[in-house]
Structure formats: C-alpha cells, structure tokens
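None of the values given here were measured: they were computed from a predicted structure. Chain letters run A, B, ... following the sequence lines, proteins first and then strands; every chain starts at 1.
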Amino acid sequence: MATKQKLRSERMLISMGPQHPSTHGVLRLMLETDGEVVEHAEPHLGYLHRCAEKIGENLTYQQFTPYTDRMDYLASMNENWAWCRAVEELTNLEIPQRGEYIRLIICELNRIASHLLALGTFGLDTGAFTPFLLAFRERETILDIFEAVCGARLTYNYVRVGGVLWDLLPNHVEMIRDFLVQFTSKLDELNDLLSENQIFVKRSANVGIITAEDAIEYGFTGVNLRASGVDWDLRRDEPYSVYPEIEFEVCLGKGIKGTVGDSWDRYYVRVQEMYECVKMILQALDQLPPGDFCGKVPKMLKAPKGREVYVRTENPRGELAFYLVGGGKNIPHRVKARAPAFVSLCPIEDLFHHMYIADLVAALGSLDVVMGQVDR
Amino acid sequence: MIEEAVRFVINIPFGFFGSEAPEWLVFVHCSLIYGGVFMMAFISVLAFGSVWAERKISAWMQARLGPMEVGKYQGCLQTIADALKLLLKEDILPAAADKPLFTIAPILVFAGSLMSYVAIPFGPNLKVADLDIGVFYILGTSAVVVVGIIIAGWSSYSKWSIYGGMRAAAQYVSYEIPTALHLLPVIIMAGSLNLIEIADEQQFFIGPVDCSFLTWNLWPWINPFATVSFIMYYIASLAETNRTPFDLAESESELVAGSHTEYSGIRWSFFFLAEYADMFVVSALGTILYLGGWHGLPIPVIGPYLAPFFFLFKVLFLMFIAIWLRWTLPRLRVDQLTYLCWKVLLPFGMVTVTGTALWQLYFYKTPVGVILGTVIAIGTIWAMIKIYRSESIPEKGKPMARRDQVAATPS
Amino acid sequence: MFDFIFFVFSFVCIGSALFVAFTPNVVHAALGLASTFATLAGFYVLLGADFLAITQIAIYVGGILVLMLFGIMYTHTIARVSGEQVMMQVGPALLVVILTLFTLVATILSTAWPVKEVAPPAPTADRIGVLLMTDYLLPFEVAAILLLVALVGAVVIAQTPVRKSIEESVD
Amino acid sequence: MVGLPHFLVVSAILFSIGLLIMITRRHGIMMLMGLELILNAANLNLIAFSRYVETGIRGQTFAIFVIILAAAEAAIALAIILSIYTHSAKINLDELTSMKE
Amino acid sequence: MYENYAHVLIFALVAVGVVVAPLILFALIRPVRPDAEKLSAYECGERVVGTPWIQFNIRYYLVCLVFLVFEVEILLLFPWALVYGAFIGGPEQVEALAQGAANTSEASGGMAFVAMFIFMVILAVGLAYDWGKGYLEWETEITTSPEIEEKEVA
C-alpha cells in the first residue's frame, strides 16, 4: 500500500527538558523526532540529585524525616510515613492507635492532594488550563488543613517516628469534614469538565498503553499498575497500620474509553481513587479513638547492627519502600529508597517509540512522575 | 466633516503662497486620520480591552481573581502596564538567527492581520474603505500572515520555533480552505462580495421596526445549509486564529511557544497583538455574513444610531465564545486537526455550497422553505452530534513494543 | 499621483526581482519574491483589476510562495546552514538577458498600440464570473480537471518511495 | 503620463530578470522562482492590455487561467524537484545527468 | 475604486510603521546587555545539539500541496457564487452584469448550477482520491516494531 511507503527525512535531535513546561520538573528527554513523530526518546536524569540516601547514612533516624519531605514534595506526608514505618519496623516501636488513625487521615488527604495535582497537570499537558486551577483550589484547602495541623504547607515533617507531631484537634476534624463534604461535589464538577470531554478522551485514550504483563515486568506499582488492570493494592493485600479496619475498594483500569492501561485509564483510576479516599477518611474520622498520638520514643533510637528491613508503603505514586540496615548506633548503616516514580520512568524508551510528540506529553503526564523522588 | 476640517488646516500654510492644497494631500491626510488615528486607536483599545477581558473571564471561570492591582478597578490597567514593560524590555536578537528575516517576520504577521481592518465596516457609514470584494480581500490578507509565521519559525534558528512555524503554516493554510468554503453560501445568497451589501441584504423591516433578527443568514428558515456553515465557519475560524482547541502551533506543553519561542519583549508583543486582532476580524466577518452585521436592533427611532454598538456587541459575543472555549477545552492532536479540516469541514463545505445553490433555485424565502429549512437544519445538527457522540468508543489501540521482546523474535 | 505610485511600485518591484536574482540565500530570495508578487498586485489595482490583485496575493503569496518555502526547508541540507547558492555564467547570461530586454523594449516602444480611452475602473469580479459561466465555461471545467490532475500527480510524485539509501546515491 | 508602454516595459524587465534567474541559477527552487517571475510578467501584460486595449474583461479572465496554470505547474514542479531530491539527494539540476534510476 | 485601495495602501504603511516605530524609538531607552548565554537558542536549558535547519518531514509539505490546489479551486468558485443569483434571475440580469462582455442569451440558474456541480464533483473526486489513498492522514505509518519497518524497506 502506498501509505506504508517510507519517506526519507532527517531526524531532529531535540532536547525536551530540563526547562520545559511539560516535563514535570527537571526531566530531560533527548528526543529523536521525524516531523511530528518521536522515533526515540532517551531520559536523562539527575538534575535534582541530592544524595538523599547517602545523607541518610550520616544522620539519626529522626533527623532524616525532613529529608524525605524533599523527595516526593507533592506527597510529603506519605513519604514521612514510609520512612517512619521502616524505622519503627527496624526498632520495634509501638505506635498508639490514635497516632495510626491520624496518620491514615492525614496521608489519605495528602493522597487526594497529590492526585489532584496529577490530574491538573495532566489536563495542562493536553492543553486544558481550567481543570488545573480548579484542582489547585481544592489542593489549597487541603494545604490549609495541613497548615493548621502542622504549620507547614509543603514540607511538613509531621509524621514522626513513633506517631505524629501534634494531635488532631476537634477543630481540625471539623475542617477536614467540611472539606470532604464540599470536595465530592467539586470532584464531580472536575470530572464532568475533563473525564467525559471528547477532545480529552481522544487525546488520552489509546495513548501510551501498558499491558498488565508489561506493567508487572517493569515493576510498576500503585495507580500505574492498577490502571493496567492488575488488582494489587498494598493497603488491602499487605495491610499495615489500621487499614484493615477501613473499608474501601481498589479501583482498576477497565479500558472504558479505549484499551486497558492507556493514559485515560491512569487518569481515571486517580479520579476514582480520590472518591475512595474520601470514604476512607470519613470512616477513620468516625473511628478516631482517644488516647496518645505519639508513642514513647527514646532520644537515642538505636537499631541492632546488621538488622535489615524492607518496608513498603502504598504512596500516591506507587509503592515507596525503604531498605534499612541498622548500624548499631543511632545512625543507619545503609539507607535505600525504592522510588515508584523512578520505576514509572523505566518504560520511556519502549513507550515513546513511534509516537506523536503530543502523545508523548500526554503519556508522560499520565505516568505522574515527581523528579524529586526519581533523582533523590 | 473630517475632510473639510483637514482641508481647512492644510490650506493654512498654502494660503501664505496664495495657492490651494492639492486634492491628494487632503485625501492622504484624511486617510491617515481614518486609518492611522481612528482605526489604530480602536485596535489598541480593542487589544487592551480584550486581553484584560480574557484574563478576567478566565479568572472568573477558574475561581480566581485575575489582575487586581494596576488601576483602581479590577486591575483594568494591567494590560497597559504589561505593554509598557514589553516596550522597555531588552530586545534580544539571538546570535544564530537570520537577523533580517527575524526582524521582518513580526512586521509581516502584524501588518498582515491589521490590513483586514480597512475593509471591515462598523456600520452603514462607518468604514475606512468600501471595497467591492471585501470578503475576498480579508481572506487574501491572511496569506501574508502565513508567510510571516514560517519566516519567524525558520529565522529563529531554534528547534521549537521551526516546529511551531511548520505546524502553524500547515494549520493556517489547511484551515483557509474550509474558512473560505463556508463563506460561500452567504455570497451565493447575497450575490455580492461587498461586506456592506451583504449586511444590508439581510434587512427585514416590519413597518418602521427593524426585524432583521428574523432574517439573518444564520437562521435555518432562511437557508438550513447556512446554519451548518456558520457553525463550521466558526470552528474553522478558531483554527485560523490559533485559539484552543486548535492552538497547536504555540502549544506550550509541547512546543514551548511555537514559532515565537525566540522572540521577546516588543517583537513578541506583535505576535500577541496579531492574535487578538485576528480574533476580532474573524468574529466581525462571521457577524456581518451570518448575524446580519449591525442590523436587527428592533428599536424604531434610535436604532440606527445604536447600530455600530449592536454590531460590536455581536462581535464581542462571538469573541467571548472563543474565550469560553479556550478555557474549557483541551488541545487537539495534529492528526486530529487535519482530520477535522479535510474530512469533516471540507466535505461538509462542499455539501453546504451545493445545497445552498439548490436552495436558492427552489426554496429561498418561500413558505415551504421556512418549514423545510428548520427541519433540515435541526436534523443535520442532530446527526452531527450523534456522529460525534458515536465516535466516543474508539477501537482498541496497540500496546507498546518491548525492544527486548522484539529482539528475541527471530526475523 | 497615479504616475508617482506607478513609479514607486515599479522601483520596488524591479528592485526586489533583482534582489531575487542576486541574493545568495534561497530563503531571502523567496521573501524578495513575495515583495515582487505584492507590488504586482499593486499594479493590478492600478490597472483596475481588483479581483486579480487579491487573487495574486492569495495564490502567489499565500499558496505558491508558502509551498516554495516548504520546499526549501525540505531540501535544505544540500545547501547547508544558510541556503547559499552560487550563480553560474553570470557574464554571458547578463549579455543574453540584456539583449533580450533591449529587443523587447525596442519593440514595445516602436509599436503603435491601439490604445483606447480609459474609463474609470469598475468592479470586475461579477463580469469575470459571468464570463466564466458563459463564454469560458469549458475552460472553467477543464481547469478543474487540470487541478485534479495536478493534485493527484503532485501528491503521488512527492510520495515516491525511496529505493536507494542516501549513501548509495551519493556514490 | 503613464500608459500602456510603461506597464509593458516593467513586464519586459521582469521577464528578463526571470530569464536571468533561470539561466544563472541551478537550484531547482530558484529556477522555479524565475519561471514564476516570467509568468507574472505575462500576466501583467494581459491585464495591461485588458485595460488599455479594447478587449473588455477577457484579458483578466485569461490572467485567472494563467494563475491557475501557474499554481498547478508550481505544485507539480515542486513535487518533481522534491522527488528528485529524495531520490538522488541533488537539488542542483545541472548535476542530474540521467533520467534513469 | 482607486481611493478605496489608496486607503488600503496608506493603512498598510501605517501598520508597518506601528511595528517599526516602537522598535526604533524605544531602542534608545531599552537596556542592551547581551551575553552569549542570552543570545543562544532556547533548547530547554541545555546546549544546542545539531542544527534545526534540517531536511524536514514531508508531511507538512503535502498538506500545503493539497491546500494550494484546493485554494485555487475555491477561488474559482467565488466569481461563480457572486453571479449565481443573477443567473437564477435570468438572462436580463446577467446581461446587466456583463455589460455586453459575454454572450448571455443562454444564461439560466439551472445551467449555472450544473456547471458548479460538475466543478464540485471534480473537486470531490480529488478529495476522495487523496482520502482513499491516505494522503490526508497525518502520519501514515506508525509501526510498533522494527521488523515491520524492515519488511517495508525491503
């Protein structure tokens, strides 16, 4: 067929990023393009590398918590929690029940905030500006709650080893409840504006498809894995904290608008997950027990030398795991983070092959990477 | 009146020598006052106003405030402050750029889109030039803009610029076809290319009351094909002016800023102004051709005096819809853009032109036509929506190819 | 005034045509050509052919020139970076051209043209339309077929498959 | 007083410049530019005659057909130039020695 | 007619002047502090690799090619659309337009319609050909694996 004939033209080497509006930070993609089609994309990382893991090996367990804030700066609470869980596992600390509930509430709120930003920027990548700002307005409210709870808006350092920093006061609970009541309707609105938008569907459905096998082989986790149709959620399948006492559903990509595992699915799983988060927080608020919010933690937290743990936590971007080796004293011997965003970047070379530039941007946006976590 | 005043003033220096100013000198001065002063003032007010309005409208749609500081009321002077900043900003000529072409490109783009204003009448007597082929002239001037944009993209010596230039040129030229084609039904109906005549052709009076709003070319009882054409013209004109959902040429999430990536300060502002100027032109063209121009204000005595304002109101309404769409819709992909142009707008254009020709032969402004037209138009629009909806479930796509697996399969 | 504008236009027109002839850069030449086309449209207006003038701008500047610019960009590698092009045999060519020009001008000036009294220019588009629909109906349809052939032909030719790789053809 | 001969002289000059380009340039697209100049010179003649000589509007109608031809010719010629270039990586038509593969 | 186009010419000069004047005037008060970084082309903050002036993909060119032909055809439709109403009105109206320039005795609306219809059909054939052959698709081949590519080349 004539249409299959190959036309010769030179390929343009073009550097997309680090300073590019749609590479979500400082990702650099070396694109080899032929007209509108990307023939090859090669990610260049490390623009935000801060040796976080090495720093962790020189600080006490408690001192490292604020560094985790800077890794995934969009879901700092979850990042704190992951670190604290690893440390607690390593040192066999007991956490009071109230502390666990507060952690769950706050981290699920942060999951909403993180997903909102992912949706907003995904919309922005496809050219829709308004959903971005509408999502940001809701995110602002969450940040206000966080500010009231812990005093910071971006890097919280709120979830501490042994519990949380401050108690959740009745007025905070009130704020969260107020937010959740209006949030569901706002989310419906956002959903109407973007999810069913024909242009948006055509831009994201069937774009950047990752099958279930591929997703598993690449080590995908979290939303990106579930969007490919793999029913796996740590909160349910390997429950930690007080998740067993909370009822929720695991949302999966069903390929409603196209194929299972396309960008639209990844987008839509995030939307559904936010509804689930609302349910979970409401349950947790109802069940919130009285008591201490933080356990007894010795000033000099020590872990036996050579003891190692690998603790994984379901974060907005996937499974964030910390691998810790105790150093005998109050400093860990080895710190290693498994960053889900880094894993999400792995299929880039395979995925961004023979693809429109516009599709590349959309697919990259749907993977929802945070460069702070990738580079660490 | 202006002419007499000009003649009087010009004659003062000539009077010393006891001679009279030549007629052409008076004409040039009059033209400079019409075009250079009045029209330029209008365009600047329009540009400042519409940029401010777009900011405020988008802010309103996005639940935020928009500019609030400069100027006492709602940041109304923000655009002027921005313009001043742009004027005083450092003028950067990239070292690798082709400098003469880099300088000429914004001139071509800006002058090209401004040239259309000469032909636009704002009322029966409010015009600079009364061109017999006004519609055609406005279509012709957009050709200059295309050249300017290609030159801008090429001369910048930047990869994003050249991408933007290529995309913009391909988009502009391909959408010129449906734009022109969907203007043809009105030209068939009016039998003229003169914008004033086209507007006047839609007049309809009941006694002294101007009931033209019943006979605008847009209405299906006048010609159902024109109704479809109006919708399609509006879509094509959005693409012509590079507005979302068709702003691929400067899509910031893909191409940073398209053909004017390397332009900054004052040079950039001309591209920016040209976009808004263009938006007004296509809206004005749509208003005159399909919405009866300045006709249709059913107030008997002062109606004619309010006509230009009524015209502006309609134009600004069309511009408002463009802004509304811009802040609602995502952007199309480049293949979807060409699909829409060649496979939707163009075939529909052929059908509407042929249909209008038949309509003129048999049904134009007959009682049968009024009923039939309404039915056809509603049917067509319903079918369009139906087709559009039915496309919402696309076929399955192909998953990505894993290179390791590909290498493993023996070839 | 008519004369003055005519001379300004002629100056710009011939100047930009000469620029096209002598500039080494192909893209600059294309822009010079645009200027020539635009001033030619000005001549058409002076000659009372307003429809033709706009057609000139729309087709030559908006169509053919854009196509040429695309063509230049597509074939650009051969003229590395600046698109510089050499001129060949300038001396003999100038001789031939000047001779031709001399003959032409001499003929023009020595011929007694049957000039009529010029009327003030009137709209032309409708008269052209009538002519196209009556006397020139056949050419009108033939033009459509010609364009159809051009459309099909040009697209097919431009899409010709490449059988040889670059290296082979360079060898 | 500008009259018919003036326009004809301008047209003749344009024709000569077009000829000059076609002789001196070997770049395919430059040659096409020369050709377009020649066609435009012809068009100017046609329209000038249509105004100054008793032919009615026919000169202009003719010019329209010339423009159509020019457009068709430009489309085909550029396609051929491109095809040659794609085929043999040559844009200078002099270097083409063979019409074969 | 001349004065209308004189307005156009003067307005064109004014429009050019509006661009050029601030470029020159404000150059006097504008800061000029160029440096190599500032004058380099934007490549997302990285060093420029290769030249942007490459042999570009042909797809844009093909769009333009199709455009040119359609533009000419639509241009021919404008004069037709202009006089179609007169043709419906009958030979007298056409004669009034033509002012003796053409033989208008057989002018009728049906004839003008048929003429346009044939023209439009020819136009549609061209469109249908390009459509059918896939020349109007943006990218004709998005293959998913290199092996398919190899087969096509071979």
Side-chain angles (χ1 to χ4, degrees), chain C residues 2-3 6 10 13-14 17-18 20-21 26 29 33 40 43-44 47-49 52 55 59 63-64 67-68 71-72 74-75 78 85 87-90 93 96-97 100-101 104-105 108-109 113-116 118 124 127-128 131-132 136 139 143 146-147 150 153-154 157-158 160 162 166 169-170, chain D residues 1-10 12-17 19-21 23-30 32-33 36-37 40 43-44 47-48 50-54 57-58 60-61 63-65 67-72 74-76 78-83 85-91:
Chain C
F2 183 93
D3 296 6
F6 170 82
S10 333
C13 184
I14 293 166
L18 284 173
V20 176
V26 187
L33 202 65
L40 273 167
F43 280 136
Y44 296 173
L47 289 167
L52 256 291
T55 310
I59 296 214
I64 295 179
L67 199 63
M68 282 182 179
I72 293 167
Y74 186 69
T75 55
I78 215 72
Q85 276 293 310
M87 293 177 74
M88 299 165 82
Q89 307 145 346
V90 182
V96 172
V97 165
T100 319
L101 182 62
L104 281 173
V105 172
I108 289 165
L109 294 181
W113 301 100
V115 178
K116 67 165 181 181
V118 286
T124 55
R127 278 185 286 161
I128 291 175
L131 265 182
L132 283 179
Y136 293 103
L146 172 83
L147 287 171
I157 293 169
T160 313
V162 185
I166 314 170
S169 61
V170 167
Chain D
M1 181 65 198
V2 169
L4 178 63
H6 292 77
F7 285 100
L8 294 188
V9 168
V10 170
I13 296 173
L14 279 183
F15 175 83
S16 317
I17 295 174
L19 198 64
L20 179 73
I21 295 173
I23 297 174
T24 54
R25 295 304 182 104
R26 284 296 164 264
H27 190 281
I29 292 169
M30 284 301 299
L32 197 62
M33 286 183 193
E36 293 297 340
L37 272 184
N40 266 292
N43 253 355
L44 184 56
I47 293 169
S50 148
R51 172 123 178 98
Y52 287 104
V53 182
E54 198 60 64
I57 200 85
R58 277 159 207 273
Q60 292 189 22
T61 316
I64 286 193
F65 286 115
I67 289 181
I68 294 167
L69 275 176
I76 293 283
L78 273 166
I80 292 174
I81 291 170
L82 232 69
S83 182
Y85 178 72
T86 323
H87 214 83
S88 59
K90 285 184 182 110
I91 190 72

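For chain C, the nearby part of D:L14 is the side chain; its heavy atoms alone come within less than 4.5 Å. Contacts of C:L101 with chain D are made by both backbone and side-chain atoms, with heavy-atom separations under 4.5 Å. In this structure, the portions of D:L19 lying under 4.5 Å from any heavy atom of chain C include both its backbone and its side chain. With a 4.5 Å cut-off on non-hydrogen atoms, D:Y52 touches chain C through its backbone and its side chain both. For D:L37, the part lying under 4.5 angstrom from a heavy atom of chain C is the side chain only. Contacts between D:I13 and chain C at a heavy-atom distance below 4.5 Å involve backbone atoms as well as side-chain atoms. Residue D:F7 touches chain C through both its backbone and its side chain, counting heavy-atom pairs closer than 4.5 Å. For C:L147, the part sitting under 4.5 Å from any heavy atom of chain D is the side chain, from C-beta outward, and nothing else.
A distance of 11.5 Å separates CG of C:L40 from CD of D:E36, quoted to the nearest 0.5 Å. Annotation: the span from D:Q60 atom CD to C:L47 atom CG amounts to 8.5 Å, rounded to 0.5 Å. Distance check: C:T55 OG1 to D:I67 CD1 gives 5.5 Å after rounding to the nearest 0.5 Å. With rounding to the nearest 0.5 Å, the separation of CE in C:M68 from CE in D:M30 is 9.5 Å. Atoms CD1 and OG1, on D:I23 and C:T100 in that order, are 7.0 Å from each other to the nearest 0.5 Å. Annotation: the span from C:I108 atom CD1 to D:L8 atom CG amounts to 5.0 Å, rounded to 0.5 Å.
The two residues C:I59 and D:A71 have their closest heavy-atom pair at CG2-CB, 4.2 Å. Shown here for C:A143 and D:I68, the closest heavy-atom pair between the two residues is CB-CD1, 4.1 Å. Nearest heavy-atom pair across D:A79 and C:A154 is CB-O, 3.4 Å. Annotation for D:I47 and C:A49: closest pair CG2-CB, 3.8 Å, computed over non-hydrogen atoms. When all heavy atoms are compared, the tightest approach of D:A72 to C:L146 is CB-CD2, 4.1 Å.
Ring pair D:H6/C:F6 is perpendicular by interplanar angle, where above 60° counts as perpendicular and below 30° as parallel.
With sequence neighbours left out, D:N40 forms a side chain to side chain donor-acceptor pair (under 3.5 Å) with C:Q56. Applying the side chain to side chain donor-acceptor pair (under 3.5 Å) rule to C:T124 yields the partners C:D50; only residues at least two apart in sequence or on another chain are considered.
C:Y44 places a side-chain heavy atom less than 4.5 Å from the side chain of D:L44. Between C:V20 and D:I17 the shortest side-chain heavy-atom distance does not fall below 4.5 Å.
The candidate from C:P139, C:S10, C:G63 with the greatest count of non-hydrogen atom pairs under 4.5 Å with chain D is C:P139. When each of C:I64, C:V105, C:L104 is checked for heavy-atom pairs under 4.5 Å with chain D, C:I64 comes out on top.
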